[in-house]
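This is a predicted model, so every value here is computed, not measured.
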Amino acid sequence: ATGPRQNNGIFYEIRTYDIKPAKMKEFLEMINKYIHFRTAHSELVGFWYSELGAMNKVFHIWKYDNFAHRTAVRNALANDKDWQGKFISAALPLMEKQHNEVAYLVPWCQLGKPPKEGGVYELVTFQMKPGGPALWGEAFQAAINAHINTGYTSLIGVFHTEYGSLNRVHVLWWNESPDHRAAGRHRAHEDARVVAAVRNSVRFLESQQNVLLIPLPCSPLK
């Protein structure tokens with residue numbers, strides 16, 4: 001394991017698909033139409049498409065009780081004639097690339113929900129220095145809490161990778177709008193507590209990137 005995690009076997013699979021630019025609208029329509037075949041097998045946390053920070057990408061997060069649960073789900077999907085025939089066979093030609101990661105919620109975070117529907121999500125990915133949370137966990141948590149305490153944004157989840165690029169942390173935020181986020185970020189950057197916490201955390205940071213995400217109508221997180 002790459003570090004501390006929740007005290008159960010639950011994990012989350014974070015999937016990223018690159019869609020052919022001319023096929024994005026068609027792909028999103030298919031997801032909204034046929035996703036119920038997929039969610040009949042396991043829990044969908046959220047499904048989004050990228051608006052800023054990346055183009056022609058979709059992100060979706062699936063929850064599993066343990067690895068045996070995921071194996072059983074994948075086997076069932078392979079034999080689901082509706083899912084394979086109505087979605088997979090038509091959707092695969094629309095994709096350019098697929099990527100997945102397995103991640104756990106960090107011990108100090110529970111999966112949250114936005115205070116209301118209709119906002120936007122921000123997925124921030126931090127590539128931390130090797131060593132895991134034993135090295136950078138406390139400083140990272142302090143930086144996240146400093147942003148939460150400003151009140152301009154809502155934390156949905158903090159995920160630490162188990163498969164994929166190790167020492168990677170995905171932080172999912174919710175904001176009322178891109179402009180609301182921009183104003184809040186401006187205030188946060190002038191907050192001495194945030195500045196101090198971030199300065200301490202970035203000592204362990206190798207890189208970071210973010211994407212502004214729009215939830216699909218079928219997404220549980222809206």
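Across S165 and Q127, no two heavy atoms sit closer than the pair CB-OE1, 3.9 Å. Annotation for L221 and P215: closest pair O-CB, 3.4 Å, computed over non-hydrogen atoms. Across every non-hydrogen atom of S201 and A139, the tightest pair is CB-O, 3.7 Å. Taking every heavy atom of both residues into account, N167 and G132 meet most closely at OD1-N, 2.9 Å. Taking all atoms of both residues into account, the shortest heavy-atom contact from K86 to M30 is O-CE, 4.1 Å.
Note on V171 and I148: same hydrophobic cluster, where clusters join Ile, Leu, Val, Met, Phe, Trp and Tyr whose side-chain heavy atoms are under 4.5 Å apart, directly or indirectly. A single hydrophobic cluster is seen to contain both M95 and I31, as judged by linkage of ILVMFWY side chains at heavy-atom distances under 4.5 Å, directly or through other members. The hydrophobic cluster containing V124 does not contain Y152, counting ILVMFWY residues as joined when their side-chain heavy atoms lie under 4.5 angstrom apart, directly or transitively. The cluster map of Ile, Leu, Val, Met, Phe, Trp and Tyr, joined by side-chain heavy atoms under 4.5 Å apart, puts L52 and Y49 in the same cluster.
R74 CZ: more than 12 foreign heavy atoms inside a 6.0 Å radius. Annotation: F67, atom CZ; neighbour count of heavy atoms from other residues, nucleotides and ligands within 6.0 Å is above 12.
Counted by atom type alone, H170 and E101 present one or more donor-acceptor pairs between their side chains at under 3.5 Å.
Every ring pair (Phe, Tyr, Trp, His ring centres under 6.0 Å) that H69 has, sequence neighbours left out, goes to Y64. Looking at residues two or more places apart in sequence or on another chain, you find no side-chain hydrogen bond (donor to acceptor under 3.5 Å, both in side chains) involving W83. Considering only residues two or more places apart in sequence or on other chains, E138 meets the side-chain hydrogen bond (donor to acceptor under 3.5 Å, both in side chains) condition with none of them. In terms of the side-chain hydrogen bond (donor to acceptor under 3.5 Å, both in side chains) criterion, residue partners of R193 (sequence neighbours excluded) are, by chain and number, D191.
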N/O donor-acceptor pairs under 3.5 Å from side chains in residues 40-48, not counting sequence neighbours:
{"from": "H41", "atom 1": "NE2", "to": "D80", "atom 2": "OD2", "distance (Å)": "2.7"}
{"from": "S42", "atom 1": "OG", "to": "R38", "atom 2": "NH1", "distance (Å)": "2.8"}
{"from": "S42", "atom 1": "OG", "to": "R38", "atom 2": "NH2", "distance (Å)": "3.2"}

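For the ring pair (Phe, Tyr, Trp, His ring centres under 6.0 Å) condition, the pairs that include at least one residue of residues 126-146, sequence neighbours left out, are F126-F140, W136-H160.
Between F37 and Y34, the ring planes are parallel. Angles under 30° get that label, and only those over 60° would be called perpendicular.
In this structure, the ring of F11 has its center no less than 6.0 angstrom from the ring center of F159.
Salt-bridge check for K33 with E29: failed, with every basic side-chain N at 4.0 Å or more from each acidic carboxylate O.
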